[in-house]
Amino acid sequence: DAKTTQPTSMDCAEGRAANLPCNHSTISGNEYVYWYRQIHSQGPQYIIHGLKNNETNEMASLIITEDRKSSTLILPHATLRDTAVYYCIVSGLIQGAQKLVFGQGTRLTINP
Amino acid sequence: EAQVTQNPRYLITVTGKKLTVTCSQNMNHEYMSWYRQDPGLGLRQIYYSMNVEVTDKGDVPEGYKVSRKEKRNFPLILESPSPNQTSLYFCASSILGGRGRSEQYFGPGTRLTVT
């Protein structure tokens with residue numbers, strides 16, 4: 001699986017858009033980009049995923065560059081409850097299942 | 001409510017005393033998995049199961065056993081726990097799907113301390 005690089009930490013003001021970058025320059029053609037987050041020591045929570053097109057759901061937007069070597073997770077109106085560690089994971093499907101390899105992620109702090 | 005449950009949530013035990021951490025999901029998912037999380041090491045996969053009676057080792061399986069006799073349950077067994085198995089454990093489940101649509105649902109975690 002391709003390796004990802006994320007900033008260790010980021011800050012964002014409440015109500016503003018939080019933009020979390022991720023580099024995955026060795027991604028292969030059949031690998032997806034997944035984002036999960038972990039609030040304190042709770043179980044990780046799925047946010048969004050994409051292959052090559054930009055994606056949006058009720059939680060966030062995912063922008064993937066045309067060469068697929070990097071992506072950005074956007075939380076459009078960050079709230080204090082969005083303070084968490086965000087993991088960018090690149091993975092293919094093995095027999096239909098994700099092989100999730102978690103790195104250190106980005107610790108996002110939303111400030112009032 | 002769709003969920004993954006784990007029991008117990010907290011456990012303190014002594015070296016060598018066999019224990020089982022239960023995991024159950026109510027979403028009829030084929031895939032289930034166990035992870036452990038340690039400071040500085042992130043989440044690492046212990047074992048996974050693609051369906052009933054089908055299990056396989058993850059990245060750190062030593063010292064653990066699993067079974068999958070029913071689709072909804074995937075217990076994690078520590079036959080002889082040691083202090084280096086002190087960790088935060090997560091169970092997860094997902095469908096087996098195409099087009100990347102196999103996001104995993106995680107349980108609330110079990111904090112295990114082995115003295």
Side-chain angles (χ1 to χ4, degrees), chain A residues 1-6 8 24 27-55 57-60 62 64 68 71 73 84-107, chain B residues 2-6 9-10 21 23 25 27 29-51 54-60 68 74 87-113:
Chain A
D1 292 320
K3 180 179 170 60
T4 62
T5 303
Q6 299 178 251
T8 302
H24 32 79
I27 191 170
S28 62
N30 62 350
E31 290 182 314
Y32 291 81
V33 180
Y34 297 94
W35 283 85
Y36 283 76
R37 73 180 182 183
Q38 186 175 25
I39 297 172
H40 193 46
S41 293
Q42 298 177 21
Q45 176 190 24
Y46 165 82
I47 302 172
I48 198 167
H49 77 278
L51 184 61
K52 53 184 178 181
N53 297 321
N54 297 338
E55 302 287 345
N57 64 20
E58 64 279 3
M59 289 183 69
L62 174 60
I64 303 174
R68 301 211 321 127
S71 60
L73 177 74
V85 178
Y86 287 77
Y87 298 99
C88 170
I89 300 168
V90 171
S91 174
L93 295 180
I94 301 174
Q95 299 179 58
Q98 294 175 10
K99 167 66 175 178
L100 296 180
V101 178
F102 288 82
Q104 297 304 309
T106 295
R107 183 172 297 278
Chain B
Q3 59 182 347
V4 178
T5 57
Q6 297 179 225
R9 296 288 314 279
Y10 302 90
V21 184
C23 172
Q25 50 92 6
M27 295 168 279
H29 286 166
E30 298 93 348
Y31 181 87
M32 297 186 75
S33 179
W34 276 102
Y35 297 83
R36 61 177 289 174
Q37 184 171 29
D38 303 288
L41 297 176
L43 284 106
R44 295 175 293 167
Q45 189 180 54
I46 304 171
Y47 268 94
Y48 65 94
S49 170
M50 304 294 278
N51 215 324
V54 181
T55 64
D56 209 344
K57 296 177 180 179
D59 299 315
V60 288
R68 187 90 182 273
F74 189 45
S87 187
L88 180 58
Y89 292 85
F90 291 103
C91 180
S93 73
S94 75
I95 61 170
L96 293 178
R99 301 175 63 85
R101 292 208 59 82
S102 54
E103 59 264 30
Q104 294 188 22
Y105 294 80
F106 285 78
T110 295
R111 189 169 292 279
L112 172 66
T113 302

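What you see is a predicted model; the values in this text were computed from it and never measured. Every chain is numbered from 1, with letters handed out A, B, ... down the list of sequences.
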- Item | Winner by heavy-atom pair count (cut-off under 4.5 Å) against chain A, out of B:Gly40, B:Gly109, B:Ser94 |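 Most pairs with chain A among the choices: B:Gly40.
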- Query: Is the count of non-hydrogen atoms from other residues, nucleotides or ligands lying under 6.0 Å from A:Arg107 atom CZ greater than 12?
  - Reply: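 Incorrect, the count does not exceed 12.
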- Item | Pair B:Tyr35-B:Gln104, side-chain hydrogen bond (donor to acceptor under 3.5 Å, both in side chains): steps then yes or no | CA-CA 12 Å; B:Tyr35 297 83; B:Gln104 294 188 22; 3.0 Å; yes
- Would you kindly say whether A:Gln38 and A:Tyr87 are connected by a side-chain donor-acceptor distance under 3.5 Å?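 Their side chains do contain a donor-acceptor pair, which is all the 3.5 Å distance test asks for.
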- Task: Of all the heavy-atom pairs spanning A:Glu55 and A:Gly50, show the shortest one and how long it is.
- Result: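 Residues A:Glu55 and A:Gly50, closest heavy atoms: CG-CA, 4.0 Å.
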- Part of B:Leu88 lying under 4.5 Å from any heavy atom of chain A: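 When you check distances to chain A, only side chain atoms of B:Leu88 fall under 4.5 Å.
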- Query: Any idea which of A:Gly43, A:Pro44, A:Ser41 has the most non-hydrogen atom pairs under 4.5 angstrom with chain B?
  - Reply: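 Winner by heavy-atom pair count: A:Pro44.
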- Query: Quick one: what part of A:Gln42 sits under 4.5 Å from any heavy atom of chain B, side chain, backbone, both or neither?
  - Reply: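 For A:Gln42, the contact with chain B is made by the backbone alone.
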- Task: Identify which part of B:Arg111 has an atom lying under 4.5 Å from any heavy atom of chain A, answering side chain, backbone, both or neither.
- Result: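 When you check distances to chain A, only side chain atoms of B:Arg111 fall under 4.5 Å.
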- Task: Taking all non-hydrogen atoms of both residues into account, name the closest pair between B:Ser87 and B:Gln37 and its distance.
- Result: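 Closest pair (atom of B:Ser87, atom of B:Gln37, distance): OG-O, 3.0 Å.
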